[in-house]
Amino acid sequence: MTKEIVLIHGAFAGPWCMADYAEFFRARGWTVHTPALRFHGGDPAAEPDAGLTDTSVMDYANDIAEFVQGLGSKPVILGHAIAGVVAQQVASRGLASAIVLINPNAAWGTLPETDDERAVPRALMEGGAFWKQPMRVDFDLMAPFALNKMPEAQQHAVFDRLGPESGRVMFEMFFWMFDDHHAMKVDIDKVDCPVLIVSGSEDRAVNPNTCRALAKLYGDRVTFLSAEGHAHFLFMEPGWEKPGAQIADWLDQKLG
C-alpha cells in the first residue's frame, strides 16, 4: 500500500491548522500533503483576494480533485468541517482510497436540528448580504462554538490565524435550499471507499447527531468514531494524539 494522505483544512483556516497531524502521520510512514483551499494560503490579516467573493464549494472540490489526480496513486483524503463535504465529493469521483471526515458539515438537504447549529446562520443573516463579499468570523462566535475545548490562550492564538472566507461558501453551507447549483450535494452512492467519521462529543458547530445521521447513510461502508471530550478542532486541542492514533490505526486496518 502506498501510504499517501491529503489533509484539508476547513473554512477560515489554512494548512497551518493541520501541522500536528502532518507531523504525526509522517512519523508513521505516511507521505503527507496539506493543500490550501482556494485563496486560503496567504497572510490571514491581508485584504482578501477579490476572487474569493465568487468562490464556491464546487471550486474547492474541483481544486482538490485536480490536486489528487496529480499524485501517483489514490490517497486517503482527510477533511475537516466543510472539507469533509469536499472529501466526499472528491471520493464520489473515484479518487480516494479512503476518506476521514472530521466533524463534517452537513451536506445539501440536511436541516439544522439544534439551537447551536442555528446560531451560525442566524448570525450570518444579521450581517446583511454576506453572500456578496468575503467575510470574517467574530471571536465571540468562534470561541464558544468551535474553540470551546481549547485553553483561552490557544483560542486567541488560533483565532488570530483565521482569515477571510467566501460569503458564497457560507451561503451554500447554511442556506442550501436557495442554492440552485446544489454546491453542497454529495452523491453518497458513488463513494466506493471506506469512510471514517470522527465526531467531537463536545462540538457545538457540528452536532454529533448530524455526524451520526451521515454515518447511517453510508451503511456498512462507514466507521463512526466519537472523540470523547473533544470539539470542533479536535486535531489541535489538548489530547489530539488519541483520536489521531485511532484514525491511523483504522487506516492501517482498512488499507494495510
Side-chain angles (χ1 to χ4, degrees), residues 6-24 32-64 66-67 77-87 102-105 119-121 123-124 126-174 183-184 200 203-206 230-238 240:
V6 180
L7 309 178
I8 316 171
H9 65 85
F12 300 101
W16 53 268
C17 71
M18 290 292 175
D20 288 336
Y21 266 29
E23 182 178 352
F24 174 82
V32 179
H33 307 275
T34 56
L37 295 177
R38 188 179 296 195
F39 301 124
H40 285 66
D43 179 0
E47 281 296 307
D49 191 293
L52 186 62
T53 299
D54 295 321
T55 298
S56 166
V57 176
M58 295 182 291
D59 295 315
Y60 294 163
N62 288 336
D63 289 349
I64 296 300
E66 183 177 357
F67 178 85
I77 304 176
L78 180 152
H80 173 231
I82 186 61
V85 176
V86 169
I102 297 180
N103 298 319
N105 284 106
V120 175
L124 291 174
E126 293 172 352
F130 67 90
W131 58 90
K132 295 182 179 180
Q133 57 195 348
M135 59 171 293
R136 295 181 183 270
V137 67
D138 294 330
F139 180 81
D140 289 344
L141 182 66
M142 197 73 180
F145 284 95
L147 309 177
N148 50 305
K149 296 302 290 186
M150 294 180 180
E152 186 175 353
Q154 187 184 12
Q155 288 181 345
H156 286 282
V158 170
F159 179 80
D160 289 345
R161 298 191 72 177
L162 298 177
E165 185 54 73
S166 163
R168 177 176 174 180
V169 165
M170 291 293 103
F171 173 82
E172 292 167 344
M173 286 172 61
F174 294 109
M184 291 283 289
D203 190 353
R204 298 182 63 193
V206 179
H230 282 284
H232 197 59
F233 280 84
L234 60 86
F235 44 87
M236 299 180 72
E237 296 163 1
W240 62 263

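Just so you know, residue 1 is the first one in the sequence shown, and it goes up from there. The structure presented is a predicted model; accordingly, all values stated were derived computationally and were not measured.
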### Query
Relative to each other, are the rings of F235 and H80 parallel, tilted or perpendicular (30° and 60° limits)?
perpendicular
### Task
Heavy atoms only: give me the nearest G10-L37 pair and the separation to one decimal.
O-CD1, 4.2 Å
#### Entry: Pair listing, salt bridge (Lys or Arg N to Asp or Glu O under 4.0 Å) test, anchored in residues 53-63, at least two apart
R38-D59, R38-D63
### Query
Stepwise, does the side-chain contact (heavy atoms from CB on, under 4.5 Å) test hold for L78 with M18?
CA-CA 10 Å; L78 180 152; M18 290 292 175; 3.9 Å; yes
#### Entry: side-chain contact (heavy atoms from CB on, under 4.5 Å) against A19, all qualifying residues, sequence neighbours excluded
none
### Query
With under 30° as parallel and over 60° as perpendicular, where do the rings of F24 and W240 fit, or are they tilted in between?
perpendicular
### Query
Which pairs with one or both residues in residues 9-18 pass salt bridge (Lys or Arg N to Asp or Glu O under 4.0 Å), sequence neighbours excluded?
none
#### Entry: From H33 atom NE2 to I77 atom CD1, the distance as rounded to the nearest 0.5 Å
11.0 Å
### Task
Indicate the atoms forming the closest heavy-atom contact of P44 with D160, along with that distance.
CG-O, 4.3 Å
### Message
Go through it in stages, so that I can follow the logic: the residues are I82 and M184, the test is side-chain contact (heavy atoms from CB on, under 4.5 Å), and I'd like the CA-CA distance, side-chain angles, deciding distance and then a yes or no.
### Response
CA-CA 9 Å; I82 186 61; M184 291 283 289; 3.4 Å; yes
### Message
Rounded at 0.5 Å granularity, tell me how far CG in L162 sits from CG in D138.
### Response
11.5 Å
### Task
Check F233 against A146 and note the closest heavy-atom contact, atom names and distance.
CD1-O, 3.4 Å
### Query
Hey, is the main chain of K149 close enough, under 3.5 Å, to the side chain of E237 for a donor-acceptor pair?
no
### Message
Going by the rule side-chain contact (heavy atoms from CB on, under 4.5 Å), which residues pair with Q154 if we only count those two or more places apart in sequence or in a different chain?
### Response
M150, P151, V158, M236, P238
### Task
Provide the closest heavy-atom pair for V137 versus F12 in the form atom of the first, atom of the second, distance.
N-CE2, 3.9 Å
### Query
Considering residues at least two apart in sequence or located in another chain, which fulfil the side-chain hydrogen bond (donor to acceptor under 3.5 Å, both in side chains) criterion with N103?
D203
### Query
A83: what forms a side-chain contact (heavy atoms from CB on, under 4.5 Å) with it, not counting sequence neighbours?
I8
### Task
Without swapping roles, check the side chain of S166 against the backbone of T55 for a donor-acceptor pair under 3.5 Å.
yes
### Summary
Tightest non-hydrogen contact, residues R136 and A46, listed as NH2-O, 3.0 Å
### Query
For P164 and P48, which heavy atoms make the closest approach, and how far apart are they?
CG-CB, 3.6 Å
### Task
Check ring pair (Phe, Tyr, Trp, His ring centres under 6.0 Å) between F39 and all other residues, then give those that pass, not counting sequence neighbours.
none
#### Entry: Point-to-point distance, once rounded to the nearest 0.5 Å, from OG1 of T53 to CE of M135
12.0 Å
### Counterpart residues, ring pair (Phe, Tyr, Trp, His ring centres under 6.0 Å), relative to H40 (two or more places apart)
H9, Y60
### Message
Holding to side-chain hydrogen bond (donor to acceptor under 3.5 Å, both in side chains), I want the full list of residues that pass it with T34, two or more places apart in sequence or in another chain.
### Response
none
### Task
Before giving the answer on side-chain contact (heavy atoms from CB on, under 4.5 Å), spell out for M142 and H232 the whole-Å C-alpha distance, their side-chain angles and the decisive distance to 0.1 Å.
CA-CA 10 Å; M142 197 73 180; H232 197 59; 5.6 Å; no
### Task
Tell me, please, which residues at least two apart from D140 pass side-chain contact (heavy atoms from CB on, under 4.5 Å).
none
